[in-house]
There are 2 protein chains.
Amino acid sequence: MESKSATLSLSALGHDGRLAIFRLLVSAGPTGLAAGEIARRLGMVPNSLSANLNILSRANLTTSRREGRSIIYQADFSTMTALVGFLVGDCCGGAPEICSPLNQLLSQSQQCAPTPSRQKEPC
Amino acid sequence: MESKSATLSLSALGHDGRLAIFRLLVSAGPTGLAAGEIARRLGMVPNSLSANLNILSRANLTTSRREGRSIIYQADFSTMTALVGFLVGDCCGGAPEICSPLNQLLSQSQQCAPTPSRQKEPC
DNA sequence: CACATAATTCCATTATCCTAGAACTATGGA
DNA sequence: TCCATAGTTCTAGGATAATGGAATTATGTG
């Protein structure tokens with residue numbers, strides 16, 4: 001990910017409504033959520049929601065597919081990965097010794113990865 | 001970190017100039033950089049830079065200290081850690097199976113942590 | 001085809017942000 | 001004290017973004 005793309009993603013997420021939408025979609029996982037369902041859960045009017053979904057989409061943070069009358073939105077995880085990688089890369093480029101708190105945190109999140117046993121507890 | 005604080009940080013970073021400033025400060029590490037030096041390196045006029053540093057500071061992304069005539073700015077790593085944790089937490093809360101690319105990436109960044117040997121190569 | 005539902009697009013108003021010139025404050029040196 | 005340097009604050013303009021009502025497009029049903 002390059003700087004321009006990172007700025008786009010960050011500014012897209014730097015908005016209360018859009019961050020809420022994105023988090024909701026991330027927690028919904030690959031199943032995704034219909035626009036109307038998002039609007040209902042977050043109490044947004046449909047046109048504002050649509051505009052914000054469009055902004056998230058242009059930042060490659062979401063994908064969408066049509067299912068009947070509904071359009072299902074889904075978080076694009078690869079962009080989030082790239083974004084975090086961009087920030088983490090910054091960290092490492094400079095002074096490795098200050099990265100340790102971040103790395104501790106990240107190694108904890110490691111436990112969320114799919115393993116035969118015990119997937120969800122520490123999250 | 002809660003949502004409001006995350007939005008503040010994300011919108012602060014969602015701006016070309018401020019992202020450049022922040023990355024520069026992160027790469028400078030704990031030594032930090034004087035405002036004038038930042039302005040020189042990034043080709044910014046001092047008042048714009050000052051405004052943007054102020055926005056980063058209000059988002060708790062930077063700290064500053066005076067040294068003689070200069071004011072030295074430094075990236076606040078704990079906020080960046082909390083921000084990444086906020087996003088990663090989102091990931092895990094929902095569907096753990098989609099976290100694996102992120103976790104792979106993060107486990108690579110693990111190698112940047114201070115160890116007796118081989119600190120910088122894979123970054 | 002007529003109708004209901006699901007979303008999006010259009011549009012105007014309002015609010016917010018960005019920028020840079022100019023003035024101001026703070027520090028250090030002669 | 002006087003002056004130079006380092007940053008910040010003030011200010012006004014122009015640009016950009018957010019919002020929600022109304023109209024429009026797309027899909028499915030009777």
Side-chain angles (χ1 to χ4, degrees), chain A residues 3-25 28 31-76, chain B residues 3-25 28 31-76:
Chain A
S3 178
K4 196 71 195 169
S5 173
T7 303
L8 193 63
S9 298
L10 290 166
S11 66
L13 291 173
H15 176 273
D16 285 334
R18 288 193 295 268
L19 184 58
I21 294 169
F22 185 72
R23 296 189 74 197
L24 184 60
L25 289 177
T31 313
L33 282 175
E37 180 64 15
I38 300 171
R40 194 185 63 74
R41 292 207 201 173
L42 299 180
M44 294 176 175
V45 291
N47 52 2
S48 280
L49 174 69
S50 187
N52 283 327
L53 283 172
N54 201 22
I55 290 171
L56 288 171
S57 173
R58 268 183 290 147
N60 297 313
L61 287 165
T62 60
T63 58
S64 60
R65 62 182 193 274
R66 179 175 278 277
E67 268 185 21
R69 268 188 285 215
S70 297
I71 297 184
I72 311 293
Y73 284 84
Q74 183 179 342
D76 186 336
Chain B
S3 179
K4 198 69 197 170
S5 174
T7 304
L8 192 64
S9 297
L10 289 166
S11 67
L13 291 173
H15 176 274
D16 285 335
R18 287 193 295 267
L19 185 58
I21 294 169
F22 186 72
R23 295 188 75 197
L24 185 59
L25 289 178
T31 313
L33 283 175
E37 180 64 16
I38 300 171
R40 194 186 63 73
R41 293 207 199 172
L42 299 179
M44 294 176 175
V45 292
N47 50 2
S48 281
L49 175 71
S50 186
N52 283 327
L53 283 172
N54 203 19
I55 290 171
L56 288 172
S57 173
R58 268 183 290 146
N60 296 314
L61 287 164
T62 59
T63 57
S64 60
R65 63 182 190 274
R66 179 174 280 278
E67 269 185 21
R69 269 189 284 216
S70 298
I71 296 185
I72 311 294
Y73 284 85
Q74 184 179 341
D76 185 336

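Quick note on labels: first sequence line is chain A, next is B, and so on, each numbered from 1. Note that these values count all heavy atoms, side chains included, but never hydrogens, waters or copies made by symmetry.
The footprint of chain A on DNA chain C, defined by a heavy-atom cutoff below 4.0 Å, extends from C/dA4 to C/dT9. From the 5' end on, the contacts that DNA chain D makes with chain A at under 4.0 Å to a non-hydrogen atom open and close at D/dA18 to D/dG28.
To the nearest 0.5 angstrom, A/Leu13 atom CG is 11.0 Å from A/Arg23 atom CZ. The distance from the CG atom of A/Leu25 to the OH atom of A/Tyr73 is 10.0 Å, given to the nearest 0.5 Å. For the atom pair A/Met44 CE and A/Ile21 CD1, the distance stands at 4.0 Å (nearest 0.5 Å).
Less than 4.0 Å separates DNA chain D from at least one heavy atom of each of the following residues of residues 43-68 of chain B: B/Pro46, B/Asn47, B/Ser50. Contacts between residues 4-11 of chain B and DNA chain D, defined by a heavy-atom separation under 4.0 Å, are absent.
Between A/Ala12 and A/Ala59 the shortest heavy-atom distance is CB-CB, 3.8 Å. The heavy-atom pair separating A/Leu19 from B/Ala6 by the smallest distance is CD2-CB, 4.0 Å.
Under a 3.5 Å cut-off, the side chain of B/Ser9 and the backbone N or O of B/Ser5 do form a donor-acceptor pair.
Side-chain atoms of B/Ser57 and B/Thr63, non-hydrogen and from C-beta on, never get closer than 4.5 Å to each other. Proximity of B/Leu33 to B/Ile72: side-chain heavy atoms (C-beta onward) are nowhere separated by under 4.5 Å.
Judged as a side-chain hydrogen bond (donor to acceptor under 3.5 Å, both in side chains), and not counting sequence neighbours, the contacts of B/Asn52 are B/Arg18. A/Arg58 is linked by a side-chain hydrogen bond (donor to acceptor under 3.5 Å, both in side chains) to nothing, counting only residues two or more places apart in sequence or in another chain.
Residue contacts for B/Arg40: at a heavy-atom cut-off of 4.0 Å it reaches no nucleic acid atom on any strand shown. Contact annotation for B/Ala34: backbone-only contact, meaning every heavy-atom pair under 4.0 Å involves sugar-phosphate atoms and none involves a base.
Of the listed residues (A/Ile71, A/Asp76, A/Asn54, A/Leu56), just one forms a side-chain contact (heavy atoms from CB on, under 4.5 Å) with A/Ser64, and that residue is A/Ile71.
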Query raised in the report: A/Leu49 and A/Leu53: side-chain contact (heavy atoms from CB on, under 4.5 Å), yes or no, with the steps?
Result: CA-CA 6 Å; A/Leu49 174 69; A/Leu53 283 172; 3.8 Å; yes

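Defined by atom type and a distance below 3.5 Å, a donor-acceptor pair is present between the side-chain atoms of A/Thr7 and B/Asp16.
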